[in-house]
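On a predicted model such as this, the values are computed, not experimentally measured, just so you know.
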Amino acid sequence: MTTSTLPKSRQQLILAVLMVCSLLIWLDNTVLSTTLETLADPVRGLNASPAELQWATGSYTLAFATLMFTAGALGDRFGHRTVLATGLVVFAASSVWAAFAGDAGQLIAARAAMGVGSALIMPGNLAILMWTFTGPARSTAVAISSTSAGVGMAVGPVLAGVLLDHFWWGSVFLVNVPVVVLALIGIALLVPNFRSPVVRPLDPAGMLLSISGLATLAYGLIRTGQVAAWGRTDVWAPIVVGLILLAVFVRVELRSKMPSFDPRLLAQRAFGGGNVALGLLLFATSAVTFYNAFYLQGARGYSPIEAGLASLPTALGAILGAPVGARLVHRWSLRLVAVPALTVAALTMGAYGFFGLSTPLVWIEVLLLVQGLSIGMVIGPVTAALISSLPLERAGAGSAVTNTVRQTGSVIGIAVGGTIMSIVYRRAIEPSLHGVPGPVRDQARVSAEQARHVATTSHLPALGHAADDAFVHAMHVGAIWIMLIALFGAAVLLLALRAVRKPAGGEPEPAQEDGPTTDEAAPRSGADARPVREGDDVGSR
């Protein structure tokens, strides 16, 4: 790839615009966790049930996971600036929809639409970055751009807390709109409409099968936590149908000459095992984050701003953990760094089993800091190593697989983690409901948030205390399962990395198969290739 013809000052401005776009996604990922407790409140929020909150979180991630590889192909065809701008418009419009949602169902639909916008933003964002910068400047630009994730993780919970303390819950979504306007102005003035000279098929069959399969499977898993009898058709049938659809999706991709998601890559021990480990880590991280939101604001009674500040150590740890992990990998090896780090992350998640209603805040903060450090030391170095383990012409396909597996782990983690919490809570609260009036009893069974509300309105303080105890017990049980799943991920990573060696000359330059698709993919179409911009005649190239 030839050196970029854009002036250095314009490259820097483009990087700033792209960082704003990336920051938008990470802010939205983190503000919702601080808002969950408010959304569950019957007075201040939407009276959302645990299942509805799982869907409000999972619908976004589901759309993000299954549309991201298709968005890369759209960028190749129509231009990455066009797709990026479209994603921003979709994200802003759906943010307004979410802010003024009248019930939980509308919020879930709006969140899914926001996931569509994010799926269009992310591949185009990083593809433009890869086309804009070359050589050492590209590595520097990627490193600078990646800091937006840490900034979003740190600022998101605090920003949400401030907004919730002064405005209604919809303000956490409405704040996205001015950021989008700023980004669109920068894109229109600065960013060329890069396109790949090779146009890839859109793979509509794979997109529909992956979305329907994951959505159906997640529905069945969430439904499990809502009913007493798991033999019901509406529980096991969606799980079976979801697994069948995902199996058909894999078969369709295997038979495709240019698959958007290439399952063959997962058959390689290092690449496949490493991705499974990352998926399990994201599974555990999403589940424990879901628990933490209700623990701090619900059981502990923290205000949104207090909960946001209390969550800062996780974000700060992740920001510090990524560069520390990279340096340690260069000194030792990926296996000696990532496996112990993932093990420590798992143990910190299991330590939630020791949290109670009076646990000193300082111990919680220390644990969250260690957890963030450990997660940061795993995700960045392992992802870079997995992509660099592939031939350059397969790196784009590998990036699509890695990102899809990670987001899928998050979707299933929220579904399973929330389901465990609902089942254990319902069983734990049952002995305290004897003698309680029928309507009160039914509402208390739904969730600890509902139980606290009805206890206050019915003047039954004992019921509120029982709900807190039942929730803490449910969190303890869930933490054990989450820890075991993360430890299994560490074991998988230990086996997968046996064949991975430390690179001799630093990190290789990212590459992609047929044009930029995801965050680790870089354009590479031969020595004389250059990006196609708007107005170029593709057929004459």
Side-chain angles (χ1 to χ4, degrees), residues 27-63 91 93-115 156-157 159-177 215 218-219 222-223 225-226 286 289-299 301-305 307-308 411 414-415 417-419 421-422 425-426 439-440 442-458 464 467 471:
L27 278 175
D28 185 74
N29 278 338
T30 53
V31 297
L32 183 65
S33 62
T34 307
T35 315
L36 290 174
E37 180 71 24
T38 303
L39 291 172
D41 191 281
V43 177
R44 297 181 299 132
L46 294 177
N47 194 28
S49 68
E52 289 170 332
L53 294 175
Q54 287 172 265
W55 276 114
T57 306
S59 62
Y60 172 89
T61 310
L62 178 66
F91 193 88
S94 53
S95 295
V96 175
W97 182 13
F100 295 100
D103 54 43
Q106 292 183 32
L107 178 62
I108 292 169
R111 287 285 297 167
M114 293 174 72
L159 176 62
V162 172
L163 292 172
L164 291 172
D165 276 354
H166 293 86
F167 305 100
W168 97 111
W169 61 265
S171 61
V172 303
F173 299 113
L174 209 56
V175 75
N176 294 331
V177 177
Y219 173 82
I222 293 174
R223 186 64 178 157
Q226 299 175 275
S286 299
T289 301
F290 192 76
Y291 288 5
N292 194 48
F294 294 102
Y295 171 67
L296 292 177
Q297 293 186 60
Y302 290 178
S303 68
I305 182 63
V411 173
I414 293 166
T419 294
M421 183 174 69
S422 296
Y425 166 81
R426 193 166 53 242
V440 175
D442 293 340
Q443 194 169 351
R445 285 195 184 107
V446 174
S447 67
E449 288 68 37
Q450 297 284 340
R452 294 187 196 102
H453 174 72
V454 74
T456 301
T457 57
S458 303
F471 169 80

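Applying the side-chain hydrogen bond (donor to acceptor under 3.5 Å, both in side chains) criterion to Thr57, with sequence neighbours excluded, gives no partner residue. Listed by chain and number, the residues in a side chain to side chain contact (heavy atoms under 4.5 Å, CB included) with Ala104 are Ala48, Glu52 (sequence neighbours excluded). By the side chain to side chain contact (heavy atoms under 4.5 Å, CB included) test, Ala112 pairs with Ser59, sequence neighbours left out. Partners of Phe173 according to the ring-ring contact (aromatic ring centres under 6.0 Å, His included) rule, which considers only residues two or more places apart in sequence or in another chain, do not exist here. Residues passing the ring-ring contact (aromatic ring centres under 6.0 Å, His included) test with Phe91, sequence neighbours excluded: none. Residues meeting the salt bridge (Lys or Arg N to Asp or Glu O under 4.0 Å) test with Arg44, sequence neighbours left out: Asp41. Residues meeting the ring-ring contact (aromatic ring centres under 6.0 Å, His included) test with Tyr425, sequence neighbours left out: none. For Thr457, the side-chain hydrogen bond (donor to acceptor under 3.5 Å, both in side chains) test picks out no residue, with sequence neighbours left out. Applying the side-chain hydrogen bond (donor to acceptor under 3.5 Å, both in side chains) test to Tyr291 and every residue at least two apart in sequence or in another chain returns nothing.
Ala448 and Ala467 get closest at one heavy-atom pair: CB-O, 4.0 Å. Taking every heavy atom of both residues into account, Leu53 and Leu36 meet most closely at CD1-O, 3.9 Å. Closest approach of Ala40 and Gln450 over heavy atoms only: O-NE2, 3.9 Å. Closest of all the heavy-atom pairs between Ala299 and Phe471 is CB-CD2, 3.9 Å. Of all heavy-atom pairs between Val31 and Val172, the closest is CG2-O, 4.2 Å. Listed here is the closest heavy atom pair of Ile108 and Ala56: CG1-N, 3.8 Å.
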Identify every side-chain donor-acceptor pair in residues 160-170 under 3.5 Å, counting partners at least two apart or on other chains, and give the distances.
from, atom 1, to, atom 2, distance (Å)
His166, ND1, Val162, O, 2.9
Trp168, NE1, Ala99, O, 3.4

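Going from atom CH2 of Trp55 over to atom CG of Leu107 covers 13.5 Å, rounded to the nearest 0.5 Å. How far CG of Leu39 is from OG of Ser49: 11.5 Å, rounded to the nearest 0.5 Å. In this structure, Met421 CE and Phe294 CZ are separated by 5.0 Å, a value rounded to the nearest 0.5 Å.
Among residue pairs with one or both ends in residues 93-108, those qualifying as side-chain hydrogen bond (donor to acceptor under 3.5 Å, both in side chains) are Ser95-Asn176; sequence neighbours excluded.
Counting only heavy atoms from C-beta outward, the side chains of His453 and Asn47 never approach each other to under 4.5 Å.
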